[in-house]
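Contents: one structure, followed by commentary.
Computed from heavy atoms alone, side chains included, the values below leave out hydrogens, waters and symmetry copies. Note that this is a predicted model, so its numbers are computed, not measured.
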There are 2 protein chains.
Amino acid sequence: MAHPRGGPERATIRRVAEVAGVSPSTVSRTFSHPHLLRPSTVERVSSVAAELGYVPDGSAQALKTGRRGVIGLVVPDIANAFFPPLIRAAQTAAEKAGLSTIIGDGNEDGTKEAAMVGRLRGQTDGIILASPRTREPVLRSLHEVTRLVLVNRDLAGVPRVLIDSAPGMRSCVRLLAGAGHTRIAYVNGPAASWSNGERLAAIEDACREHGIALTTLRARLPDHDGGRAAAAEVLELGVTAAIAFDDVLGQGLLAGLAERGVRVPHDFSLTACDDTVSATTYPPMTTVGCPIREAGVAAVELLVESLRGSDDGDGNGDGDRVRRLPAEMVVRGTVGRCRER
Amino acid sequence: MAHPRGGPERATIRRVAEVAGVSPSTVSRTFSHPHLLRPSTVERVSSVAAELGYVPDGSAQALKTGRRGVIGLVVPDIANAFFPPLIRAAQTAAEKAGLSTIIGDGNEDGTKEAAMVGRLRGQTDGIILASPRTREPVLRSLHEVTRLVLVNRDLAGVPRVLIDSAPGMRSCVRLLAGAGHTRIAYVNGPAASWSNGERLAAIEDACREHGIALTTLRARLPDHDGGRAAAAEVLELGVTAAIAFDDVLGQGLLAGLAERGVRVPHDFSLTACDDTVSATTYPPMTTVGCPIREAGVAAVELLVESLRGSDDGDGNGDGDRVRRLPAEMVVRGTVGRCRER
DNA sequence: TTGTATGCGTTATCAG
DNA sequence: CTGATAACGCATACAA
């Protein structure tokens, strides 16, 4: 009915030109450079175009101009609560720059991730890789052939935005120290995660400074169930507080503790990182508020810069472009005074 | 460094042909129809292409073939926990069909949503609209000019997949009735939501059947805080159980009840819908497990069918394509025997 | 099995 | 301010 056969007959620039009684160039200019045309012409052509349901064919535009108007955004796992806000912010920022966003899911797998980038290369103007699991040399060779921006991966020479969770992590340790805790545990995140390394280092450092004994462990999987299972292990350690790699793990820990009758923050203290779900736990969780949205926007900005930088023949912009965004602690309700158990 | 100026010099099919000592069409066939070529030729061309970092230009392919290899997926809010799993599943299914996915965020705004679709129209082969907030006539006119698939919106004539939460909702009412509850409340979701209407109707029906008195209310906003605030209101109603439109609202309710010292399920019973976060609440929430991933896959399948249907000149497929996916109750720990308060 | 020629829809360049 | 023309990179019909 709507599409009798062969799909909707897409109106072309030529058809609009015919009906409007102008040349194809004029139709083109109506959409790309209306300021070069007499207002009345723009008006007339526009209305004809609307009537015919004409939309410029992106493929043809891309072929001619070399700009596809599409960027790629590859994340390890769309369903991980960390990424949707980032995606949303990036997508909005990109749209403002007239860019659409293709999402790629790397499935927490560096190889798949790299393959995605390879695929996307032919359909996009540039790609943002968030928390890439890809190995460094591969990442570098990808950067040779595509405009790349990294999020939370520190690779000199590649434009990148880094969320610096160290200050927030230090604050957490300080908060725990102030509450009298002297033995705490850190529950690690994914091994391939740059952020995990950074967080661990900051915590180790702060613990040294405050004379706190730190034990580290790794959940079976860095997800909710992993955290829940890790609760038992944490309790056996004889610590009075724990810091989780991220909110998901923290929330799992919280559930695991509740299941075992351990009341937070009365009997045990807990902090996490990211502020993705900690406002919705009960009790609300003290965490480190990562500027996830800002990171998404910054990544798009870097990419857009890089895109523009290649429009003029000038090859500047050689500076090592990095944007560091500090993450600060958000105090909620999961830290209490130390009580020996 | 990597991109001296003018960006990475993209290798073209012609350049590969030169280096490999074959004609451009042979290079083309190497990628599109390798079976038409002598294996040794494919081998040689492939290696040259790899060396040069050649990737077929999507825009040129699209222009020539009329197939862009990209579909659009527009959702009201990427950050809403309901959509990431759907996006992920759809994206994976699309990839298997050789399609990339552009995500659009409609910002819970029908007008923006429609504008997004208009924009995406020129860059995609078809668009999936999940839980569209767009008004029916607009949706219909969009369908005139683009291949469209709807999720959770029942518009005759437009291919659509509908998650039927009615059976699950009925089960919830039955479960509550069995536990002795005779007065319950339903906390509504977004007014423009088709799903909310369906759920409410099913609950009303089941309550009649079981002789349960139903009160309905609407949270300020259908989010976590809205649910938390609604807890007070629900308690004043004098009901002994509540059903929330979705998990997010339910989780908020759970938090609000906990804050007021009401223990779930001992003092009060609660169920929700979607199964997005209810496995991670404490206690884990009894809910209705919507086949979100299946819906995403089904939507892609419908779209792919529709895409293929227009390849051959045959204009069949006029049947009203609908896929209904039943949602069943998932029992967890938030329903207990009725205890008058 | 491979090469040659043409055109997809658009925009940039150049004339007028 | 507007029109004619060529070319973007590729896939295909046709020729060899």
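Taking each heavy atom of Arg121(B) and Ile127(B) in turn, the nearest pair found is N-CD1, 4.1 Å.
Phosphate proximity of dT2(C) to Thr41(B): present, with a side-chain N or O under 4.0 Å from OP1 or OP2. A sub-4.0 Å separation between OP1 or OP2 of dG9(D) and a side-chain N or O of Thr12(B) is absent. For dT11(C), the OP1/OP2 oxygens have a side-chain nitrogen or oxygen of Gln61(A) closer than 4.0 Å. Side-chain N/O atoms of His33(B) include one lying less than 4.0 angstrom from OP1 or OP2 on dT12(D). For Arg38(B), a side-chain nitrogen or oxygen approaches OP1 or OP2 of dT2(C) to under 4.0 Å. Between Thr26(A) and dT2(D), a side-chain N or O to OP1/OP2 separation shorter than 4.0 Å is absent.
For the pair Pro24(B) and Ser32(A), both in contact range of DNA chain C, the more 5′-proximal nearest nucleotide belongs to Pro24(B).
When rounded to the nearest whole Å, the span between CZ of Phe31(A) and P of dG9(C) equals 16 Å. Rounding to whole angstrom units, CZ of residue Arg67(A) and P of dC8(D) are separated by 19 Å. Taking atom CG on Asp57(A) and atom P on dG9(D), their separation rounds to 17 Å, with Å as the unit. One interatomic measurement links the two molecules: CG of Leu36(B) to P of dA13(D), which rounds to 11 Å at whole-angstrom precision. Atom CZ in Arg29(B) sits roughly 14 Å away from atom P in dC14(D) (whole-Å rounding). Here dA11(D) presents its P atom at 13 Å from CG of Leu37(B), a figure rounded to the nearest Å. Distance Ile13(B) CD1 to dC8(D) C1': 13 Å, rounded to the nearest Å. Arg68(A) has its CZ atom 10 Å from the P atom of dC10(D), to the nearest Å.
Checked for salt-bridge contact, Arg140(B) and Glu136(B) meet the test: a charged N lies under 4.0 Å from a carboxylate O. Between Asp105(B) and Lys112(B), no side-chain nitrogen of the basic residue sits less than 4.0 Å from a carboxylate oxygen of the acidic one, so the salt-bridge criterion is not met. Ion pairing of Arg68(A) with Asp125(A) is present here, as a side-chain N (NZ or NE/NH1/NH2) and a carboxylate O approach within less than 4.0 Å.
Atoms CD1 and CE, from Ile102(A) and Met116(A) in turn, are 8.0 Å apart once rounded to the nearest 0.5 Å.
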- request: Determine, step by step, whether Asn152(B) and Trp194(B) satisfy the side chain to side chain contact (heavy atoms under 4.5 Å, CB included) criterion, reporting the C-alpha distance in whole Å, the side-chain angles of both residues, the deciding distance to 0.1 Å, and the verdict.
  value: CA-CA 7 Å; Asn152(B) 280 350; Trp194(B) 172 85; 3.6 Å; yes

message: With side chain to side chain contact (heavy atoms under 4.5 Å, CB included) as the criterion, how do Glu108(A) and Arg133(A) come out once you've worked through the C-alpha distance, each side chain's angles and the decisive distance to 0.1 Å?
response: CA-CA 7 Å; Glu108(A) 290 284 1; Arg133(A) 309 306 194 211; 2.9 Å; yes

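Residue side chain Ser28(A) does not reach the base of dA12(C) through any donor-acceptor N/O pair under 3.5 Å, judged by distance alone. If you check distances only, the side chain of Arg15(A) never reaches the base of dG9(C) with a donor-acceptor pair under 3.5 Å.
Side-chain atoms of Gln91(A) and Thr101(A) include no donor-acceptor pair closer than 3.5 Å.
Listed candidates were dT10(C), dG3(C), dT5(D). Nearest to the side chain of Val22(B) is dG3(C).
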So which protein nitrogen or oxygen atoms get under 3.5 Å of nucleotides 6-8 of chain C's nitrogens or oxygens?
residue : atom : partner  : partner atom : Å
dG7(C)  : N2   : Lys64(B) : NZ           : 3.2

